[in-house]
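Presented below is the structure to which this report refers.
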Amino acid sequence: GAGVSQSPSNKVTEKGKDVELRCDPISGHTALYWYRQSLGQGLEFLIYFQGNSAPDKSGLPSDRFSAERTGGSVSTLTIQRTQQEDSAVYLCASSLGPGGEKLFFGSGTQLSVL
Amino acid sequence: DAKTTQPNSMESNEEEPVHLPCNHSTISGTDYIHWYRQLPSQGPEYVIHGLTSNVNNRMASLAIAEDRKSSTLILHRATLRDAAVYYCILKTSGSRLTFGEGTQLTVNP
């Protein structure tokens with residue numbers, strides 16, 4: 001595709017429910033990143049994929065958060081038993097490779113946990 | 001990660017040049033200096049990056065001090081669409097981007 005695509009653009013869920021957020025990177029980009037941004041805050045790194053493997057998961061805030069990437073393309077970020085503090089914009093980015101110097105970001109998924 | 005220091009906010013007038021400063025006194029030899037910007041309700045957007053030499057592209061220029069302990073992002077003619085948060089980030093090849101608080105740029109008509 002022309003850019004990084006994320007879906008859904010908005011997600012409202014109830015506390016305790018599980019949610020899945022999807023990211024379609026730019027075709028041919030092997031590196032994929034997940035970030036989140038709480039209201040009025042900076043971007044917080046969550047996880048980095050190179051191909052299907054995740055060499056850096058250090059930013060995942062708890063074991064309720066997990067992510068996978070299949071076929072070296074689409075990635076899914078799953079949040080189990082959502083809490084109100086999980087409310088944020090979840091941003092995905094991709095780049096050509098691990099040394100790729102330009103990250104291309106999607107528009108994000110706005111997650112609201114009621 | 002080596003840290004960067006940026007002013008919290010800056011103001012400019014439309015069609016005037018803007019110089020956004022960034023200090024990075026603990027930069028290492030393998031750190032590239034990256035600039036991204038984030039417009040309201042959008043994901044960050046790559047602006048420019050460099051290692052030692054000054055860089056120019058269609059969006060901006062990056063001036064890097066000779067000792068590399070500071071740099072300046074230059075927007076040659078600010079427009080209202082340039083109003084955004086500008087992030088200065090040090091990154092080694094293959095590492096992730098670590099965002100700080102950035103500089104909120106306001107452009108006055």
Side-chain angles (χ1 to χ4, degrees), chain A residues 2-7 9-10 21 23-26 29-51 53-60 67 77 88-111, chain B residues 1-9 20 22 27 29-53 55-60 62 64 71 73 84-106:
Chain A
V4 177
S5 177
Q6 293 188 246
S7 60
S9 55
N10 282 282
L21 311 179
C23 173
D24 277 282
I26 294 172
H29 281 195
T30 63
L32 186 147
Y33 306 77
W34 283 97
Y35 288 81
R36 75 175 176 181
Q37 188 169 32
S38 301
L39 187 63
Q41 303 296 311
L43 279 82
E44 176 188 4
F45 168 80
L46 297 178
I47 188 169
Y48 155 59
F49 286 92
Q50 178 52 40
S53 64
D56 190 349
K57 305 179 184 179
S58 62
L60 294 177
L77 177 70
V89 176
Y90 289 80
L91 289 155
C92 176
S94 69
S95 69
L96 272 174
E101 299 307 330
K102 291 186 190 180
L103 267 64
F104 295 83
F105 282 82
S107 295
T109 293
Q110 172 71 65
L111 175 65
Chain B
D1 295 330
K3 294 195 70 172
T4 63
T5 303
Q6 300 177 254
N8 289 334
S9 62
L20 296 163
C22 182
I27 192 170
T30 56
D31 283 332
Y32 285 78
I33 303 161
H34 286 247
W35 284 83
Y36 282 73
R37 72 180 185 181
Q38 188 172 22
L39 280 66
S41 302
Q42 294 188 27
E45 173 189 29
Y46 168 86
V47 177
I48 200 166
H49 80 281
L51 184 62
T52 57
S53 303
V55 185
N56 299 294
N57 67 22
R58 65 175 180 80
M59 289 182 70
L62 176 60
I64 302 172
S71 61
L73 180 70
V85 178
Y86 286 78
Y87 298 97
C88 170
I89 305 165
L90 301 183
K91 179 183 182 297
T92 54
S93 182
S95 72
R96 66 192 195 216
L97 283 175
T98 300
F99 288 82
E101 300 301 316
T103 296
Q104 174 69 63
L105 176 65
T106 300

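Chain identifiers are assigned alphabetically (A, B, ...) following the order of the sequence lines, protein sequences preceding nucleic acid strands; residue numbering begins at 1 within each chain. Side chains included, hydrogens not; waters and symmetry mates left out as well; all remaining heavy atoms used.
Although no hydrogens or angles enter the test, the distance criterion places no donor-acceptor pair under 3.5 Å between the side chain of A:Tyr35 and the main chain of B:Thr98. Of the possible donor and acceptor atoms, none in the side chain of B:Tyr36 sits under 3.5 Å from a partner among the backbone N and O of A:Lys102.
The closest side-chain heavy-atom distance from B:Tyr87 to A:Leu43 is below 4.5 Å. Put simply, the side chain of B:Gln38 reaches to within 4.5 Å of the side chain of A:Gln37, judged on heavy atoms. Using a 4.5 Å cut-off on side-chain heavy atoms (C-beta onward), B:Pro44 and A:Leu103 make no contact.
Contacts of A:Ser9 with chain B are absent, with no heavy-atom separation under 4.5 Å from either backbone or side chain. Neither the backbone nor the side chain of A:Phe104 comes within contact range of chain B; no heavy atom of the residue lies under 4.5 Å from a heavy atom of that chain.
Counting non-hydrogen atoms of other residues, nucleotides and ligands closer than 6.0 Å to CZ of A:Phe45 gives a total above 12.
In this structure, B:Arg96 is not positioned above the aromatic face of A:Tyr48 in the sense of NZ or CZ being under 6.0 Å from the six-membered ring centre and within 45° of the axis.
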